[in-house]
Each structure stands twice: as structure tokens, then as C-alpha cells.
**Q** 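Please find one structure pasted underneath; my questions will follow.
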Amino acid sequence: VQLVESGGGSVQAGGSLRLSCQASGYPYRDFCAGWFRQLPGKEREGVASIGLHGSSTYAASVKGRFTISKVDAASTLYLQMDSLKPEDTGMYYCAIDSYCPQGFEDEPFTWGYPYWGQGTQVTVSS
């Protein structure tokens, strides 16, 4: 299974970007997933997650500005990012799993995702 992120780039504060994460070779019908980011000088952190049936969770820093979604049939995950701020600058990663029990929705940002993308850079200028 290979995950490829796209949609990153440079934008001014207040702008929007839509990240995509395409899974190739994924043999299952559906998935749960998360978006993570690593800001300069900081550890990787969870940004948003989506459960098998579409329930979502967001980090406090992005709630109300970012929206996670997925299309199971296309094995594709999205992250719509609006009202971007300079502090959103960093490398963004997607991760998916086919095993999504109730425990996933309790701790989506510490879940042991088996599949990860290589990342896409997001730069927000002031």
C-alpha cells in the first residue's frame, strides 16, 4: 500500500488549501484515517481524524477551520484547510488503517496506523 499526498503549497494567511491523500494498492473496501503535521522545531501532532463511518475529530488548534473527509470507493482522503494561519506552516502527512474498532475513535492521534504518506509541505505567509 502506498499513500501519496498532494495539494500542499504556499498561500497567504487567510487563504485555503485542499490536501489529498491517494492510496494505491489498498485491498480493503473502507478505512479510517488521520492527518498529522510536523511544525518547524516541533514533534508530529494529530490534526484531524475520520472513523470508518465518517465520525471526525479535530485538534483544538484547527477546529472550525479544517474539514476532513474521505471517499472509500476511491481510497482517497481529503483535508480542506480554510482561514490558514502562519502557525499552520509545516509538513502534513496522511495515515490510514483498515482495522478501525471503537478504540480508534477514542485515541485517533495515537493510533498505530500501518500506512503513512511521505508528506506534503504547507507554507502560510503573513
Side-chain angles (χ1 to χ4, degrees):
V1 177
Q2 183 177 11
L3 304 186
V4 178
E5 299 100 335
S6 61
S10 297
V11 65
Q12 288 191 329
S16 298
L17 287 173
R18 188 190 195 205
L19 305 185
S20 298
C21 172
Q22 175 69 56
S24 59
Y26 184 72
Y28 306 104
R29 182 182 62 185
D30 47 22
F31 60 93
C32 51
W35 282 100
F36 294 78
R37 67 185 182 185
Q38 186 160 18
L39 308 182
K42 297 188 177 181
E43 294 187 353
R44 189 173 63 192
E45 62 180 11
V47 174
S49 71
I50 188 164
L52 201 63
H53 303 294
S55 60
S56 57
T57 301
Y58 296 93
S61 58
V62 307
K63 199 167 187 178
R65 301 188 296 122
F66 290 11
T67 304
I68 189 171
S69 61
K70 62 175 179 146
V71 178
D72 289 320
S75 299
T76 304
L77 177 71
Y78 300 99
L79 184 68
Q80 177 67 40
M81 305 188 296
D82 298 318
S83 302
L84 282 162
K85 304 176 181 180
E87 52 263 43
D88 293 318
T89 294
M91 188 69 78
Y92 284 69
Y93 302 88
C94 62
I96 71 171
D97 198 350
S98 60
Y99 177 63
C100 311
Q102 177 60 41
F104 168 82
E105 298 191 11
D106 295 332
E107 297 180 298
F109 297 149
T110 58
W111 191 252
Y113 295 92
Y115 310 117
W116 287 83
Q118 293 300 307
T120 186
Q121 178 68 35
V122 171
T123 302
V124 185
S125 58
S126 57

**Q** How far apart are the C-alpha atoms of Y115 and Y113, what are their side-chain angles, what is the distance that settles it, and do they pass the ring-ring contact (aromatic ring centres under 6.0 Å, His included) test?
**A** CA-CA 6 Å; Y115 310 117; Y113 295 92; 9.8 Å; no

**Q** Does either side chain, that of Q12 or that of S125, offer a donor lying less than 3.5 Å from an acceptor on the other one?
**A** no

**Q** First locate atom SG of C32, then atom NE2 of H53, and finally report the distance between them rounded to the nearest 0.5 Å.
**A** 10.0 Å

**Q** Verify the cluster assignment for M81 and F109: are they in a single hydrophobic cluster under the rule of side-chain heavy atoms below 4.5 Å apart?
**A** no

**Q** Does V124 offer a backbone N or O that forms a donor-acceptor pair with the side chain of T89 under 3.5 Å?
**A** yes

**Q** Determine, using the 4.5 Å side-chain heavy-atom cutoff (strictly less than), whether L3 and L17 are members of one ILVMFWY cluster.
**A** yes

**Q** Does V71 reach the side chain of Y78, with side-chain heavy atoms less than 4.5 Å apart?
**A**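 Heavy-atom side-chain distance check passes, below 4.5 Å.
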
**Q** Do I68 and Y58 come within less than 4.5 Å of each other through their side chains, counting heavy atoms only?
**A**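 Yes. Closest side-chain heavy atoms under 4.5 Å.
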
**Q** Rounded to the nearest 0.5 Å, what's the gap from OG on S69 to CZ on R18? Could you check?
**A** 6.0 Å

**Q** NZ/K63 to OG/S56 distance, rounded to the nearest 0.5 angstrom?
**A**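 OG of S56 is found 8.5 Å from NZ of K63.
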
**Q** With a 4.5 Å heavy-atom cut-off, do D88 and R65 have their side chains touching?
**A**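 Yes, at least one pair of side-chain atoms sits under 4.5 Å.
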
**Q** For V62 and V47, which heavy atoms make the closest approach, and how far apart are they?
**A** CG2-O, 3.5 Å

**Q** Any heavy-atom pair between the side chains of L19 and V122 that's under 4.5 Å?
**A** yes

**Q** Hey, quick one: are I96 and L52 part of the same hydrophobic cluster, counting side-chain heavy atoms closer than 4.5 Å, chains of contacts allowed?
**A**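 Not linked; separate clusters.
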
**Q** Quick one: which of E87, E5, E45, E43 gives a salt bridge (Lys or Arg N to Asp or Glu O under 4.0 Å) with R37?
**A**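 One option only clears the test, and that one is E45.
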
**Q** Cluster question for you: counting only ILVMFWY and a side-chain heavy-atom cut-off of under 4.5 Å, with indirect links fine, are V1 and L77 together?
**A** yes

**Q** Please name the pair of heavy atoms, one in P114 and one in D97, separated by the smallest distance, quoted to 0.1 Å.
**A** CD-CG, 3.3 Å

**Q** If I compare all heavy atoms of W111 with all of G103, which pair ends up nearest, and what's the gap?
**A** CZ3-C, 3.8 Å

**Q** Crowded around Q38 CD? As in, over 12 foreign heavy atoms under 6.0 Å?
**A** yes

**Q** What's the shortest heavy-atom distance between S75 and F31, and which atoms?
**A**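 Looking at all heavy atoms of both residues, the closest pair is CA-CE2, 3.9 Å.
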
**Q** Just say parallel, tilted or perpendicular for the rings of F36 and W116, cut-offs at 30° and 60°.
**A**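 Tilted, since the angle between the ring planes falls between 30° and 60°.
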
**Q** For S16 versus Q80, what's the shortest heavy-atom pair and its separation?
**A** CB-NE2, 4.0 Å

**Q** Looking at OG1 of T123 and CE of M91, how far apart are the two atoms once the value is rounded to the nearest 0.5 Å?
**A**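 The OG1 atom of T123 sits 9.0 Å away from the CE atom of M91.
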
**Q** Do you know which two heavy atoms are closest between G51 and F104, and how far apart they sit?
**A**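 That closest heavy-atom pairing would be CA-CE2, 3.8 Å.
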
**Q** With heavy-atom distances below 4.5 Å as the criterion, would you say the side chains of T120 and C21 are in contact?
**A**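 Heavy-atom side-chain distance check fails, nothing below 4.5 Å.
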
